[in-house]
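For the single chain, residues carry numbers from 1 onward in sequence order. Because only heavy atoms are used, hydrogens play no part in the values below, and waters and symmetry mates are left out as well, while side chains stay in.
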Amino acid sequence: MSGPPHARIGLLVNPTSRRGLAERDGIHAARCLRALGFDVVDLTAGSAEEAARMSSAAVASSEGLDALFAVGGDGTVGIAVDALADSKIPLGILAVGTGNDAARHFGLPRRDVDAALALALDALESKRTFAADVLEVASEAGSRRVMSVVSAGLDADVNRRTNSFSFPRGGARYARGIVSAVANFAPYGFRLEIDGRACSAPATLVSVANTRFFGAGLPIAPSATVTDGLADVVFAAGLSRLQIIDLLPRLALGRHPNHPLVHFVRARRVRIACEPCAGARPPDPMADGDRLGTLPIDVTCLPGAVEVLI
């Protein structure tokens with residue numbers, strides 16, 4: 001491992017990721033970086049709000065950062081992406097969380113902090129970065145940028161339930177979230193505006209994807225890239241519980257694009273709102289594992305907005 005001399009690296013650590021294991025990995029990463037002569041800015045935070053404030057302040061600091069490393073899961077990556085904005089400070093992903101879907105998309109190491117750190121430092125030394133699109137989400141709670149997938153239907157309900165469970169560990173929590181959400185499901189009423197074209201309909205699943213994966217490896221948008229300046233909008237019509245159960249194996253294998261009730265469209269801007277006449281009230285939207293506020297939301301794809309070390 002090496003890097004530019006006297007490089008200043010912000011280390012954003014989510015101490016609650018994987019029930020505290022990310023904090024251990026963050027301490028290990030900081031120790032390794034300091035042993036190699038790097039100036040480490042410790043951005044370990046007790047909450048997402050505190051992490052966002054600390055990261056934004058470090059990025060805007062007059063002393064500056066040469067890179068920002070995110071130690072945790074997709075939520076931690078999302079906080080880093082939001083802080084980096086258009087700063088051109090590169091992002092290193094040390095994926096040690098539960099889902100790690102951003103790292104999965106980029107082909108980066110997962111749950112191996114030494115391998116992830118070695119790759120990020122080699123990329124930093126070689127100035128090997130990848131300009132990736134991000135999604136900007138505007139809601140009543142404000143505006144933020146995220147890396148992976150915005151969810152607003154059953155997918156959001158599964159995410160919310162998964163976050164509330166303390167067991168089982170790892171990706172199996174998502175399976176438990178799916179079972180719980182499907183058992184209580186009724187089609188939601190949505191109004192969608194996709195690049196200015198509007199429709200209202202009952203729906204099961206509404207996802208706006210920048211990367212291919214969500215839910216710890218489910219390929220929600222198998223053809224998604226982060227270089228085309230467009231988001232992949234995935235819409236599943238109002239399904240019965242039996243139809244959802246039939247769809248799930250296809251989703252796990254990335255074969256759902258062939259399902260007659262699942263629709264894909266690429267778009268630059270998407271507005272998602274409730275339509276009470278079309279079905280039940282949708283759950284609160286989620287992105288990168290975190291709640292975004294309430295509907296309506298406006299999602300815009302921002303081309304090449306963050307530099308990723310790969």
Side-chain angles (χ1 to χ4, degrees), residues 1-3 7-59 65-84 90-124 147-148 159 162-177 213 215-217 288-290 308-310:
M1 298 183 203
S2 59
R8 182 176 170 84
I9 296 178
L11 201 62
L12 171 61
V13 183
N14 177 0
T16 66
S17 185
R18 287 182 64 211
R19 307 302 171 188
L21 294 178
E23 183 175 23
R24 178 201 65 187
D25 288 332
I27 292 170
H28 176 70
R31 186 180 299 121
C32 290
L33 287 168
R34 291 189 175 107
L36 290 166
F38 290 95
D39 182 8
V40 177
V41 181
D42 185 358
L43 301 174
T44 304
S47 68
E49 293 76 14
E50 183 184 9
R53 288 194 299 271
M54 292 173 65
S55 300
S56 296
V59 168
L65 296 176
D66 293 290
L68 178 61
F69 288 1
V71 185
D74 292 310
T76 310
V77 172
I79 292 170
V81 165
D82 195 40
L84 289 169
L91 168 66
I93 300 175
L94 310 188
V96 295
T98 299
N100 302 318
D101 288 314
R104 184 176 281 104
H105 178 92
F106 290 109
L108 298 173
R110 303 190 304 276
R111 297 192 183 178
D112 185 340
V113 68
D114 286 324
L117 187 59
L119 189 151
L121 290 176
D122 181 68
L124 182 62
M147 175 63 79
S148 296
N159 198 326
T162 298
N163 287 350
S164 72
F165 298 147
S166 59
F167 70 94
R169 290 186 177 183
R173 279 198 294 137
Y174 286 98
R176 183 183 173 194
F213 302 101
D288 292 349
D290 293 329
V308 182
L309 294 165
I310 61 172

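With a 4.5 Å cut-off on side-chain heavy atoms, Leu108 and Ile310 count as touching. The side-chain heavy atoms of Leu33 and Leu117, taken from C-beta on, include a pair separated by under 4.5 Å. Side-chain contact check for Phe213 versus Asp74: every heavy-atom pair is 4.5 Å or farther apart. Counting heavy atoms from C-beta outward, Asp114 and His28 have side chains that approach closer than 4.5 Å. Here the side chains of Thr162 and Thr98 are not in contact, with every heavy-atom distance at 4.5 Å or above. Between Val13 and Ile27 the shortest side-chain heavy-atom distance does not fall below 4.5 Å.
Side chain of Arg111 to main chain of Gly97: a donor-acceptor pair is present (N/O by atom type, distance under 3.5 Å, no hydrogens or angles). Remark: side-chain polar atoms of Asn100 are not paired, donor with acceptor, to backbone N or O of Gly73 under 3.5 angstrom. Using modelled atom types, no side-chain atom of Asp66 and backbone atom of Ile9 make a donor-acceptor pair closer than 3.5 Å.
To the nearest 0.5 Å, atom OG1 of residue Thr44 and atom CG of residue Leu11 are 6.5 Å apart. Separating the CD1 atom in Ile93 from the CG atom in Leu68 is a distance of 10.5 Å, to the nearest 0.5 Å. The structure places OG of Ser56 at 6.5 Å from CG of Asp82, a figure rounded to the nearest 0.5 Å. Note that the CG atom of Leu43 and the CG atom of Leu65 stand 7.0 Å from one another [nearest 0.5 Å]. Between the CG atom of Leu124 and the CZ atom of Phe69 there is a distance of 5.5 Å, given to the nearest 0.5 Å.
For Asp101, the side-chain hydrogen bond (donor to acceptor under 3.5 Å, both in side chains) partners are Arg104, not counting sequence neighbours. Contacts of Asp290 classified as side-chain hydrogen bond (donor to acceptor under 3.5 Å, both in side chains), with partners at least two apart in sequence or in another chain: none.
Residue Ala29 comes nearest to Leu94 through the heavy atom pair CB-CD1, 4.2 Å, listed as atom of the first residue, atom of the second, then distance. Among all heavy-atom pairs drawn from Ala95 and Pro109, the shortest one is CB-O, 3.8 Å. Contact detail for Asp42 and Met54: the closest heavy-atom pair is O-CE, 3.9 Å. The two residues Ala83 and Ser55 make their nearest non-hydrogen contact at CB-CB, 3.6 Å.
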Would you check, one step at a time, whether the test side-chain contact (heavy atoms from CB on, under 4.5 Å) holds for Val77 with Asp288? CA-CA 8 Å; Val77 172; Asp288 292 349; 5.6 Å; no
side-chain contact (heavy atoms from CB on, under 4.5 Å) between Thr76 and Val96, intermediate numbers included: CA-CA 10 Å; Thr76 310; Val96 295; over 6 Å; no
Would you tabulate the side-chain donor-acceptor contacts of residues 45-52 under 3.5 Å, counting partners in other chains and residues two or more places apart, or write 'none'?
residue, atom, partner, partner atom, Å
Ser47, OG, Glu50, N, 3.1
Glu50, OE1, Gly46, N, 2.9

